[in-house]
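Notes to accompany the following structure.
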Amino acid sequence: MTNPDNAVSSTASLADLLVEDLPFDASSEACLRSPYYFYEKIRTQSGPIHRTPSGSVLVLGYHEAASVLRDERFGHGAQKAGEATNYGVPARSFLLTDPPGHTIQRHRARHPFTARHVERLRPRIAAKVDSLVAGAVRAGHTDVVADIARPLASEVMAELIGVPERLRPRFERNAQLLVRGMDPPGLIDAATRRAIARARFALAQDIAGLLGPDTGHTTGLPTVLTEAGPDRTSRAEAIATCAQLIAAGYETSVGLIGNGLHALLSHPRELDQLAATGPSEQAVEKAVEELLRIDPPIQVAPRSALVSADIGGVTIEPGTIVLVMLGAANRDPMVFPDPHRLDLARRPRHLAFGLGAHFCLGAALARLEATLALTAVIRHRPQALDKVVTYSAGRIARTVGSLRVSLQGPHALQAGANLRPMGKGAP
Ligand code: HEM
């Protein structure tokens with residue numbers, strides 16, 4: 001039942017909200033290390049729905065979050081044109097559009113994400129993982145984020161889009177910068193903003209160069225998108241789609257591998273149990289779901305109320321920004337008992353990939369990448385070299401910045417002297 005006294009509306013922009021209006025200091029060291037303590041504090045005070053002073057809404061409860069994500073009364077209408085650039089995604093991005101336009105654009109971009117296509121990438125991903133991990137084992141230590149997760153995610157993305165070998169180093173540099181652009185401009189210094197703009201332009205040019213009959217890149221995504229029969233997109237749309245796939249899929253894949261291994265190193269018993277399975281790829285594949293639950297690389301799914309709508313008895317006026325706090329929903333104690341504990345026996349129905357119309361298109365690919373990378377790394381008994389790790393300062397994405405570990409030969413099965421077990425609220 002709706003209580004009319006609870007009706008809220010807001011005129012704050014998403015950027016203002018993320019920078020100034022959150023009920024915690026998202027850039028503080030404590031919050032960067034673990035926002036989960038803050039989520040829990042807000043949940044304890046306000047329940048599953050929290051209103052900020054400017055009238056925006058944070059959704060922290062699992063069921064409430066799931067129903068907003070499934071509900072087409074919450075979309076992106078109000079932020080479409082102006083704020084799209086804040087995400088570093090071109091304005092045409094279907095990440096930020098609503099049905100029916102969204103449905104059409106998503107349908108056109110689905111080709112590379114079918115189970116068959118993802119499976120076809122498996123040998124390439126496995127080969128890349130093998131070579132990266134072999135290099136790290138030879139050195140005896142590695143930064144899993146910089147030396148394994150980033151080159152892997154970049155290779156997969158380049159493979160997907162069909163970027164030739166010679167362009168890949170530049171592609172990787174630009175892709176990293178594009179992802180920085182996901183944050184509100186207020187959080188990025190002027191020089192970095194300029195670098196992001198240049199990277200966006202260079203990426204668009206490179207992708208455009210892959211299009212057309214003379215290039216020979218007939219299997220790359222840009223060409224596939226422009227030649228997909230009645231579904232085919234315009235050249236500009238194909239470029240925008242590729243750029244948004246990079247923005248949506250690069251840092252997130254890095255995050256799953258980095259955050260996931262960090263969570264395991266913080267829970268040595270679970271890591272040992274997993275390692276004791278071989279580790280088997282099937283066991284790691286299942287574990288990845290719990291890793292996605294406990295420390296998801298995307299923490300927030302922003303929406304706007306397109307019409308007046310209810311969540312959990314609160315009426316939301318049209319135009320109000322609604323932040324679906326995926327990281328908080330994934331630790332809702334009503335759904336996940338003892339939510340701060342990594343428990344690989346769980347089969348969690350987490351919200352790390354979102355839900356509903358915008359459910360992550362790259363979920364199968366991200367799962368495969370993380371499963372293969374983590375299986376290979378865990379096989380070599382990783383032990384953390386730093387007591388504390390730093391996370392990126394993003395508001396939407398959350399990624400371990402660096403994760404240095406030592407690696408051993410395949411048969412060294414000793415109990416890990418890993419990061420201290422983390423308590424409540426820790427990743
Ligand atoms: C662990 C890795 C990943 C995570 C945690 C993740 C998370 C998400 C989330 C939460 C959404 C929904 C956003 C919303 O509802 O506002 C989303 C959408 C999306 N993701 Fe991912 N993602 C990952 C990897 C990827 C990859 C590898 C790709 C592509 C190569 C990708 C492409 C997309 C696209 C295109 C959408 C938009 C779908 C739509 O709007 O219909 N993601 N992702």
Side-chain angles (χ1 to χ4, degrees), residues 14 59 65-66 68-72 74-76 79-80 83-84 87 89-90 92-114 117-118 121 125 149 152-161 175 178-179 182 221 225 240-261 288-289 291-304 321-327 329-330 350-371 373-374 394 396-400:
L14 177 62
V59 183
V68 170
L69 293 174
R70 282 203 193 99
D71 189 337
E72 290 192 356
F74 297 97
H76 293 285
Q79 348 171 337
K80 218 182 297 178
E83 294 211 23
Y87 290 84
V89 179
R92 284 165 182 270
S93 164
F94 59 88
L95 258 155
L96 300 175
T97 55
D98 300 321
H102 167 263
T103 318
I104 297 163
Q105 281 178 292
R106 183 180 165 108
H107 189 72
R108 285 175 183 157
R110 76 192 185 286
H111 292 285
F113 303 105
T114 57
H117 197 96
V118 169
L121 289 174
I125 299 175
L152 177 65
S154 162
E155 174 94 354
V156 170
M157 205 58 77
E159 199 61 49
L160 201 67
I161 291 172
L178 194 70
V179 169
M182 285 175 86
L221 184 59
L225 288 173
T241 298
C242 291
Q244 81 198 33
L245 288 179
I246 296 165
Y250 175 70
E251 191 73 3
T252 46
S253 305
V254 174
L256 175 52
I257 296 168
N259 300 8
L261 186 63
V288 161
E289 299 309 306
L291 300 177
L292 279 160
R293 180 193 73 81
I294 203 148
D295 200 15
I298 296 283
Q299 291 280 310
V300 182
R303 293 289 187 274
S304 170
I321 291 177
V322 177
L323 296 185
V324 181
M325 308 298 286
L326 304 174
N330 276 359
H350 57 75
L351 298 180
F353 289 123
L355 204 66
H358 290 276
F359 180 79
C360 178
L361 208 50
L365 183 60
R367 284 174 163 133
L368 178 63
E369 246 177 283
T371 299
L374 289 173
I396 302 232
R398 170 175 162 78
T399 313
V400 168

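Position 1 is the first residue of the sequence, and the numbers go up from there. Counting starts at 1 for both ligands and their atoms, in listed order.
- Nearest to atom 15 (O) of ligand 1 among the protein's heavy atoms is Arg303 NH2, 2.7 Å.
- Each of the atoms 2 (C), 27 (C) of ligand 1 lies under 4.0 Å from some heavy atom of Ser253.
- Counting only heavy atoms from C-beta outward, the side chains of Pro296 and Asn330 approach each other to under 4.5 Å.
- Taking the side chain as every heavy atom from C-beta outward, Val156 and Leu368 never approach each other to under 4.5 Å.
- Of all the heavy atoms in Thr252 and Pro297, the pair that sits closest is O-CG, 3.5 Å.
- Of the heavy atoms in Arg106, only side-chain atoms (C-beta onward) come closer than 4.0 Å to ligand 1.
- With ligand atoms numbered from 1 in the order given, ligand 1 contributes 10 (C) to contacts under 4.0 Å with heavy atoms of Leu326.
- Residues Ala153 and Glu369 come closest through the heavy atom pair CA-OE2, 3.3 Å.
- When only non-hydrogen protein atoms are considered, atom 10 (C) of ligand 1 lies nearest to Ala352 O, 3.3 Å.
- Heavy atoms only, all atoms of each residue included: Gly255 and Thr399 are closest at CA-CG2, 3.5 Å.
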Run the side-chain donor-acceptor check on residues 355-365: report pairs under 3.5 Å with partners two or more places apart or on a different chain.
residue : atom : partner : partner atom : Å
His358  : ND1  : His102  : NE2          : 3.3
His358  : NE2  : Thr97   : O            : 3.3

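- Of all the heavy atoms of His102, the ones lying under 4.0 Å from any atom of ligand 1 belong exclusively to the side chain.
- Shown in contact with Leu256 at under 4.0 Å from a heavy atom are these atoms of ligand 1, numbered in order with element: 1 (C).
- The side-chain contact (heavy atoms from CB on, under 4.5 Å) test with Leu292 is passed by exactly one of Asp295, Ile294, Val288: Val288.
- Scanning all protein heavy atoms for the shortest distance to atom 35 (C) of ligand 1 gives Leu245 CD2, 3.6 Å.
- Ala301 and Leu69 make their closest contact through CB-CD2, 4.0 Å (heavy atoms, listed as atom of the first residue, atom of the second, distance).
- At a 4.0 Å heavy-atom cut-off, ligand 1 does not touch Val156 at all.
- Here the closest heavy-atom approach between residue Gly75 and residue Asp98 is recorded as CA-OD1, 3.3 Å.
- Excluding waters, the set of protein N, O or S atoms lying under 2.8 Å from atom 21 (Fe) of ligand 1 comprises Cys360 SG.
- Counting heavy atoms from C-beta on, the side chains of Leu291 and Asn259 never come closer than 4.5 Å.
- Note: an N/O pair closer than 3.5 Å links His358 and ligand 1 by distance alone.
- Residue-level proximity to ligand 1 for Ala109 is absent, since no heavy atom of it falls below 4.0 angstrom.
- The atoms of ligand 1 that sit less than 4.0 Å from any heavy atom of Pro297 are 5 (C).
- The distance from ligand 1 to the heavy atoms of Ala357 drops below 4.0 Å at these ligand atoms: 41 (O).
- Looking at Leu374 and Leu256, their side chains never come closer than 4.5 Å, going by heavy atoms from C-beta outward.
- Nearest protein heavy-atom neighbour of atom 29 (C) of ligand 1: Phe113 CE2, 3.6 Å.
- Val59 is not listed as a side-chain neighbour of Phe74, based on a closest heavy-atom distance of 4.5 Å or more.
- Residue Arg303 holds its CZ atom at 10.5 Å from CG of Leu323, rounded to the nearest 0.5 Å.
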